[in-house]
Amino acid sequence: MRLTPLGDSAVVVALGSGLDETGLRRARALAEALERDRPAGVVDVVPAFASVTVFYELAQVGGYERLCREIETRAERVETADLRREAKVMEIPVCYGGEGGPDLADVAAQAGLSSEEVVVLHAGGDYLVQAIGFAPGFAYLGGLPAKIHTPRRPTPRTIVPAGTVGIGGAQTGVYPLMTPGGWNLIGRTPLRLFDAGSQEPALLRAGDRVTFRAINVEEFAAWR
Amino acid sequence: MAITVIRSGMLTTVQDLGRRGHRAAGVPLGGAMDAMALRVVNLLVGNAEDAAALEFTLTGPELVFTADTMIAMGGGDFGGVPRWQPVRVRGGERVKFGAARTGCRGYLAVAGGLDVPVVLGGRGTYLRAALGGLEGRALRDGDELRAAAVSRQMVGRWQIAERILPSYSSAPTVRIVRGAQAGEFDGPLTTVGFKVTSKSDRMGVRLIGPEMVRRDARELVSATVAPGTVQVPPDGQPIVLMADAQTIGGYPQIAHVISVDLPLVAQLKPGDTLRFREVTLQAAHQLILDRARALALLREGLAQKMV
């Protein structure tokens, strides 16, 4: 475990290296423990990959060193078996290719596969939400089959519609809002991944599992 | 009390001190770019520091107030009314702000605070997700805003002491603390000036200057970022992340602008320059506590001017 300041108002607790799954579970467990019983002055707790970032209001924490010691103590005590919140398994329907997935053929060409084979591989995967970020509700998903890892596009698109499913390197994800984006776009889901009107605005949380299911254009249209 | 927007200005939005507790869902802090200015103008009209107010960008709006009220203007100088003091406006009075003479962003507080719905714990406008503020968007000509009713008001003619305010400048020295990848760069971050480019917005202030070269070419796992984080993308030109910055970023983090100096960055317009100077985390923390104390004194002083 290592604590590194993120500027003068947050501290990052690293609980493993890179994307190892034990580190991810420990990060979730620590985030949950800190959310359940927030130390004074802690205003936001963000699990991302194998780390937890703790944002604080300095005037209310009773000293930065004290906050760090408190976090360390909690992190030592926390066991991944303590995870109270069950990870969700969410099935995301995707209409692959066509208008919503203009880069499907490109991904297939780079992998030396047919578009159909890319769809089978992508929809056959079992994915872990490693972090939520980049945009509200955007899930970084790990577990993309190695055959369809595809580098980001050299020039990002200025507009990627909400619901678009993309591949960026070894990761895949769904754009919850219309944003610019540099990933390879392979399909589109009719699901809403972010709803500001909801108490839990993001459909997914770090630690959840995701599977994709191929749907056709008619099913996509009927969903809306 | 209502406010009619005659001319909206270039980019005028409702802002407060941002949303806390939703970063795990990817929702940025948001809120005023210059949080200090927003706090002060709110206190000047007797509001809570985090009340919703207007943020103007480069060009201010023209407004009509439907009833007598108190307003206070701060941040950049947009004309219209004197800055940093409560100003009484009469029902039917038209107040016209112009282009920014100094600074980039203006803050206008109205007694009672702007009455817009709370979304995810904040009233501020987050344009990218079209949430908060007035229908999640920037103001347009003809819009109408409401302010909550007030029972107490400021009396007397006076002005606040300037020393409580950040040292606004079009060429400031901005203090930083080291970022996680500070040691991986060859580049004179603290010895040269950087220029602000026109691609800057509420997400980030983009700088141009000598290239910051990272010795270590390894790709990083994306990591949490915050307003103030100075990222260096592959082109070597730093970006200072601001209020609407995403919660996670993939670029190396060379530094973080300290909290008390973030308003100085918020007030830079394209073409302005800045220099960085490194301080310790302890020094940054002391400055936060000093500013909190100064704000507490202002709050107490102003409470005695309320009837």
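Side-chain atoms are counted along with the backbone in the values below, which use heavy atoms only and exclude waters and symmetry mates. In the text below, chain A, chain B and the rest are named by the order of the sequence lines, each starting its count at 1.
- Contacts between residues 132-151 of chain A and chain B, defined by a heavy-atom separation under 4.5 Å, are made by A/Ile132, A/Gly133, A/Phe134, A/Ala135, A/Pro136, A/Gly137, A/Tyr140.
- Residues of residues 235-246 of chain B lying under 4.5 angstrom from chain A, judged on non-hydrogen atoms, are B/Gln246 in numerical order.
- Contacts of A/Gln171 with chain B are absent, with no heavy-atom separation under 4.5 Å from either backbone or side chain.
- Each ring pair (Phe, Tyr, Trp, His ring centres under 6.0 Å) pair with one or both residues in residues 230-255 of chain B, not counting sequence neighbours, would appear here, but there are none.
- When each of A/Thr179, A/Thr4, A/Val45 is checked for heavy-atom pairs under 4.5 Å with chain B, A/Thr179 comes out on top.
- Among the candidates B/Pro28, B/Ala129, B/Ala223, B/Gly228, the residue making the largest number of heavy-atom pairs closer than 4.5 Å to chain A is B/Ala129.
- Taking the six-membered ring for Trp and thresholds of 30 and 60 degrees, B/His285 and A/Tyr56 have ring planes more than 60 degrees apart, a perpendicular arrangement.
- The two atoms that bring B/Ile248 and A/Ala131 nearest to each other are CD1-CB, 3.7 Å, heavy atoms only.
- With a 4.5 angstrom heavy-atom cutoff, A/Ala10 does not touch chain B via any of its atoms.
- Inspection of non-hydrogen atoms places B/Ile288, B/Leu289 of residues 287-299 of chain B under 4.5 Å from chain A.
- Here the closest heavy-atom approach between residue A/Leu6 and residue B/Gln253 is recorded as CD1-OE1, 3.4 Å.
- The environment of CE in B/Met203 is crowded: more than 12 heavy-atom neighbours from other residues, nucleotides or ligands sit within 6.0 Å.
- For a residue to count as touching a neighbouring chain, one of its non-hydrogen atoms must lie under 4.5 Å from one of that chain's; by this rule B/Gln282 does not touch chain A.
- In this structure, chain A has a heavy atom under 4.5 Å from the side chain of B/Leu131, while its backbone stays farther away.
- In terms of heavy-atom pairs under 4.5 angstrom with chain A, the leader among B/Thr247, B/Thr224, B/Leu29 is B/Thr224.
- In this structure, chain B has no heavy atom under 4.5 Å from any part of A/Val42.
- Counting heavy-atom pairs under 4.5 Å between each of A/Val43, A/Thr53, A/Leu58, A/Leu203 and chain B puts A/Leu58 at the top.
- Of the listed residues (B/Ser259, B/Ala284, B/Ala180, B/Ala226), the greatest number of heavy-atom pairs within a distance under 4.5 Å of chain A belongs to B/Ser259.
- Crowding of B/Arg215 atom CZ: a count of heavy atoms from other residues, nucleotides or ligands under 6.0 Å exceeding 12.
- To the nearest 0.5 Å, the span separating CD on A/Gln199 from CG on B/Leu120 amounts to 8.0 Å.
- By the 6.0 Å contact criterion, CZ on A/Arg66 is open, its count of non-hydrogen atoms from other residues, nucleotides or ligands being 12 or less.
- The two atoms that bring B/His22 and A/Asp44 nearest to each other are N-OD2, 3.6 Å, heavy atoms only.
- Options A/Ala196, A/Pro5, A/Ala202 differ in how many heavy-atom pairs under 4.5 Å they form with chain B, and the most are formed by A/Ala196.
- For the set B/Gly132, B/Ser222, B/Gly250, B/Ala255, the entry with the most heavy-atom pairs within less than 4.5 Å of chain A is B/Ser222.
- The NE2 atom of B/His256 sits 9.5 Å away from the CG atom of A/Asp8 when rounded to the nearest 0.5 Å.
- For B/Val225, the part lying near chain A is the backbone, with the side chain staying farther off; criterion is any non-hydrogen pair under 4.5 Å.
- Of the atoms belonging to A/Leu177, it is side-chain heavy atoms, and not backbone ones, that fall under 4.5 Å from chain B.
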